[in-house]
Amino acid sequence: LEIASVPVTLIAAAAVAAPFAGALIIGVLRLLDVRASVCAALATLAAASSGLLIAALWAEPEAAALWHVDWIPTAGVGFGVWVDPVGRAVALLVTGIAFLGFLYSTAYVPRSTEGRGTGRQGAYYAYLLVLTGAVLGLCFSADLIQFYLFWELIDIAAFLLVGLNWRDAGARHSAGVVLLVTTLGGLALFVGIVLIGSAAGTYAIPELLGQADVLAEAPLFGPALLLLVVGATTKAAQIPFHIWLPHSMAAPTPVNALADSAAALAAGLFLLLRFHPVAAQHPVWTTLLTVIGLASAIAGGVLAARELDLKILLAYSTVSQYGFMFALLGIGGSAAPAVAVFFLVQHGILKAGLFFVVGAVGYASGVWRIGGGGDRLWRRLPLLFAVAAVLSVSLAGLPPLGGFWMKESFLHQVVATSSPGLIGLFIMAAALTVAYTLRFFTELFFARAHTAAPVRRVPALMVVVPGVLATLTVVFGVLPGFLADHLAVPAGTAITGRTADLELGFELGPALFASAAALGLGLLAFVWLGRRRILDQLLRPEWSLDRLHRRGVGALLQASRWSIGLQDGQLLRYLTWTLVTLSLLVGFTVLTTDPLSLLSGTPGYASAPPEIDWRMSLLLLLVCAGTLMTLLLTRHVHIVLALGVVGYLIAGVFGMALAPSLGLLQVHVETLVTVLLILPLATIPQEVRARMFTATRQRLSTGRVAIAGGAGAVSAWVSWIAIEQLPPRPIAPWFLEHGRELTGSDDLVAAVLLHFRAMDTLGEIVVFATATAGVLALSHIIRRERQ
Amino acid sequence: MTPLIRIVSLAVLPIAILISLAHVLRAESGPGDGFTAGIISSLGLTVEYLAFGYETARRRFAWVRFDYVLFSGLLLALTAAVLPIFTGAPALGQLTATLPLPGIGEVRLSQTLLLDFGIYFAVMGGAMAAIDSLEGAIR
C-alpha cells in the first residue's frame, strides 16, 4: 500500500469523515433496531480507522499541506483541509483516546448503571463519534468559519452526551449548564473570528497567520483577542467558566475520559495554539492567559483537594492542569507552544487513564465518592490498583513517568522567563496537584468501611484500556524524547518558526529544584489537609460560581416570565401597544428626516399618480363613507359587511387606476376575509355579541380614541408624503422596457412578483405560513383546553 | 341552506379549481398569479363549507390535510428557489426549458411555475387550515 502517493489532505479529510460516517450508519442501524454491541463495534472501528489515517500522516515527509476552495466568495469565506504539525498532534491524541474510549465503552456501557439501560446506547455511540469527528474537523480546518462550525458542533455533541439520561432532572440541568456556558463562549469566539477575519481580509487560516503585521496594526485586534481568549477559556473550562466541567460528569465515564480530558478541552487549547503565531506578542494575550491560567491552576487544585465526588475531583484536576498550559502560552518563550503540546499529550494520556480507572472501580464496587463505602479496595482490585498507582504517581510528577516530564518541561519554561513570585505560585499549584492526587489515590484504595458491598468482577477490557494508558505514561516517561521529537517539537516549530528545545534531561538546575520543592510541599499539604478539614472551612458555598450561574439563569427566567405576563390576552391592550409604537416610530422618522432623502437612495416604485376624475372621486367618497359606517354601526356582522364593501370599493379604485391584477386580487382577498370574519361570529349567539359590543364601547376612553386617531393621522401623513413626493427616478419605465426581455414573461406583475422581487415573494409566503402555524397552534390550545 | 345553494356550490368548486389552475399556468401571460389562484380555490371550498355546514364539508374533505398542503407548498417554493443553484445560476434565478407538445405546440416551462404552484398551495392550504382549525376550536 503506497500511502505516500495519496494527497495528505485527502487522508486527513477521510480521518475527519470516518467518525461522522460511523455516526450516520449507527443512526440508520438504530432505526433498524440493531443490537447495541453492533453499534459499539462500528464506533470502535470508525475511531480506529480514523486514528490509523491520522497516524499515516506521519509517513509524509512534508508536514504541512493545504486544500482550499471558495465557499462564500463574496464574504471571503472558504472551506478546506489544512494539515499541519499542530493539528496533526492534537488529532492523534484525540483519536487515540477515542479509540480506547470506545473499546472501554463496549465493556462498560452495557453493564454500568451510568449507561443505565436507557435504551440509548446507540445514541451514545453516535454522539460520541460526532464529538470525535468535530474535534478532528477543528484540527484540520483551513478556514475560520469552518473552524467555528466544528467548534459549535463539539458543544452540541457534549450537550447531548451529558443529557443522555434525559429522564433524570439532574442530567437535564447539567446538560443545560454545559450548553449555555460553552455556547456563550462560542458566540464570543465567533465575534472574535469575524473581527480578525475582516481585519486580515481573509478567513483562510494559513493565509491569516502570515499576516501578523497587518493584524498587529488593526485597531480592534485587542478586543478580538479578548474574545478569542473568552472562547478558549469556556471550552477549556478555565476560571471563571470552569463550572460546566463538573456538570459534564453527569455523562458516562468514557465520555469524561475522552471529552473532558482530551477532546473538548483540547479544542480550547488548540484555539490558542492556532492563533499563537499572530497573538503571542500582544499584551492582552499574554496578560489574560497568564492570569487565567494561574488562577485556574491554583483554584482547580484547591477545589480538587476538597472534592468528594471522584469524577468531579478529576474534573477539577483537569481544570488545574489546563491552567498550567494556558499560563505557559501566556508567559511565552520560544519553546512554550512545543511544551504546551507535550504537556497536552502527556496529560491527556494519564487523565483519561484515571477516568477509566474511576469508572472501573465504580462499576466493581459502587464507590463513586470519597467515603463512599469501599473497604481496602487495593486488595480486592489489585490490577486496577497497580494501574491507578502508575497513573497517579505520574500525575503527581514523579520520575521516570510521563507526568514528571510534563511538569519538568513546564517548570523549565517558567523558571527561565518568570519572576520569583510567579515561580512560587506555580510551585504552589504543582504542590496542590501532588496533594490532591495522593488524596484521590489513598482514599480510593486504602479507605476502610465495615459494611462494604461485595466487589464485582471487572471485565478484562476495563482493566486493559487504562493499563494501556499507564504503559504509555511509563514509556513516554522513559523515552520522553520520542513524544517530543515526533509531536511536540514539530508543532512548536510550526507555530514559532524556530526549533524548540524542550530540555528533557536530568540536570541539577532550578527546574529540578522546583520540581522537588513541589513534591515536598505537596506531601506536607497532603498530610496537613488530611488532618484538618481546613479547606472546607476556608471555602464558603456562597463563593461558588455555580451559584452565581444559577442566580443569573434564574433572573433570566424571571424576566422572561415578566415579559410573558405582559401578554394578558386583552386585545384592546395589544392594539394600544402596537398603535402607540407604530405612531411614535413612524411619526418620529417622518418628522426628523427629509422625505425625499428616504426615497432618493433607492429607485422609487411609483410612477405619476392616476388622474382623479369624477368617477374616481365618487368611489373615494364612498370609501370614506363606508369607513365611517364601520364606526357608527352597532352590530358585529354589519361592521364586517361594511368593511367588505370598503374593500370592494378599493378594488374598484385599483381597477380604475389601471392595476387590474391588484383589483382582481383585492376582490378575492376581501371575499375570503369577510367569510373568515363572519364564520366565527356566526357561532356566537346574538345576545352575547351585543353584550361584547357594549362592553368594548364602554372601555373606549378618550385616550384610546386619541391613540387610534393618532395612528390614523400618521399613516395618512405617510401616504400623503408618498403621493406628494414623486420619486426622482421612477422604476416602472425600466420594468416596462426590460421586463419581457429579461424574464420572458408577458405579464409585468408576474415578472415583478416571480422574477424581479422573487425573494420578497418567497419571504411573504414564509411569513404567511408562519402566521398560519400560529393560528393552528392557538386553536389547538383552545381545543385542548376545552376537552 | 337551501338545496339550490348546495347544488350551486357543488358546481362552483370544480369551476373555481379550474379557474385557479388556469391562473397559475397562465401567470406569466396575463393577470393573476399563484396567490390569486390560492384565494380563488379556497373561496370555492369555503362556499362548500357555507352551503353544507362545517361538519358535512369537513367530512367530505377529510382526506385532505390542509396544514400539510400549506407546508408542502412552502417546501415546493423553497425548492424552486434553490433549484437554479445546481445549474450555476443564483438562487431564485431563471431555469427554463421549452417542451414540444404534440398538437399544442411549444410550451415554455420555467422553474417559476414551481414557485407559483408553491405559493398556490401555501395560500390555499393556509386559508383552509385556518378556517378548519378556527371552526374546530370554536365548536
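Residue numbers begin at 1 in each chain, while the letters A, B, ... track the order of the sequences. All values below come from the heavy atoms of this structure, side chains included, with hydrogens, waters and symmetry mates left out.
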ask   = With only heavy atoms counted, which part of Y49(B) is less than 4.5 Å from chain A, the side chain, the backbone, both or neither?
value = neither
inquiry  = As an exercise, state the distance from OG1 of T36(B) to CD of Q666(A), rounded to the nearest 0.5 Å.
reply    = 11.5 Å
inquiry  = Is it true that, when you exclude R635(A) itself, more than 12 heavy atoms of the residues, nucleotides or ligands shown sit nearer than 6.0 Å to its CZ?
reply    = no
query = By a 4.5 Å heavy-atom criterion (distance strictly below it), what part of V766(A) contacts chain B: side chain, backbone, both, or neither?
reply = both
message = Heavy-atom count check: over 12 atoms from other residues, nucleotides or ligands less than 6.0 Å from H780(A) NE2?
response = no
ask   = What part of I131(B) lies closer than 4.5 angstrom to a heavy atom of chain A: side chain, backbone, both or neither?
value = both
inquiry  = Nearest 0.5 angstrom please: T46(B) OG1 to I678(A) CD1, how far?
reply    = 13.0 Å
ask   = Of the backbone (N, CA, C, O) and the side chain (C-beta and beyond), which part of L676(A) lies under 4.5 Å from a heavy atom of chain B, both, or neither?
value = side chain
ask   = If you round to the nearest 0.5 Å, how far is CD1 of I40(B) from CG of L665(A)?
value = 9.0 Å
task = First locate atom OG1 of T671(A), then atom CG of L43(B), and finally report the distance between them rounded to the nearest 0.5 Å.
result = 5.5 Å
inquiry  = What I'd like to find out is whether the side chain of L762(A) reaches to under 4.5 Å of the side chain of L115(B), using heavy atoms alone.
reply    = yes
Closest non-hydrogen atom pair, G126(B) against F768(A) = CA-CE2, 3.9 Å
query = Under a 4.5 Å heavy-atom cut-off, does chain B meet the side chain of V669(A), its backbone, both or neither?
reply = both
request  = Find the distance between OG1 (T761(A)) and CG (D116(B)) and round it off to the nearest 0.5 Å.
outcome  = 9.0 Å
query = Rounded to the nearest 0.5 Å, how far apart are CG of D132(B) and CG of L776(A)?
reply = 9.0 Å
request  = Inspect the surroundings of OH in Y68(B) and state if more than 12 heavy atoms from other residues, nucleotides or ligands are less than 6.0 Å away.
outcome  = no
